[in-house]
Amino acid sequence: AVFCGFSILMLIALATPRGDFVLVVGWPGTSENTMMQIVSDAGGSFVARGARDWLVVAHAETEGLPTRLMRAGAMLVLDHSLAVGCTERN
């Protein structure tokens, strides 16, 4: 139980968005156009597409981008460092 709790805390610490770049995760099946609209509606800039249409990297210099992305329809917003394996298309 202690290990599981510690693991969850570490995952949260690693995945929490820090900085101007974020990995935006949409609902599976969301189109790339919809993801770009979510980023735009949140006041961000589209940076890169992911391995799936519902994964994109976004940027904003203003505070609160993750919150705005969630309100615009993103399923999850993570630190962009987690995008390393998500931006490679097969």
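- The distance from the CD atom of Glu61 to the CG atom of Asp20 is 6.0 Å, given to the nearest 0.5 Å.
- Nearest heavy atom pair, residue Ala58 against residue Val47, reads C-CG2, 3.9 Å.
- In terms of heavy-atom proximity, His80 sits nearest to Val57 at CB-CG1, 4.5 Å.
- Remark: Met35 CE to Leu55 CG distance equals 7.0 Å, nearest 0.5 Å.
- A distance-only check finds a donor-acceptor pair linking the side chain of Arg68 to the backbone of Glu63 [under 3.5 Å].
- Of all non-hydrogen atoms in Ala74 and Val24, the two that sit nearest each other are CB-CG1, 3.7 Å.
- For the atom pair Met36 CE and Ser45 OG, the distance stands at 10.5 Å (nearest 0.5 Å).
- Minimum heavy-atom separation, Phe46 to Val56: CE1-CG1, 3.5 Å.
- Considering all non-hydrogen atoms of both residues, Leu69 and Val77 come closest at CB-CG2, 3.7 Å.
- The shortest heavy-atom contact between Ser31 and Thr34 is OG-OG1, 2.9 Å.
- Under 3.5 Å, the side chains of Gln37 and Asn33 contain no donor-acceptor pair of N or O atoms.
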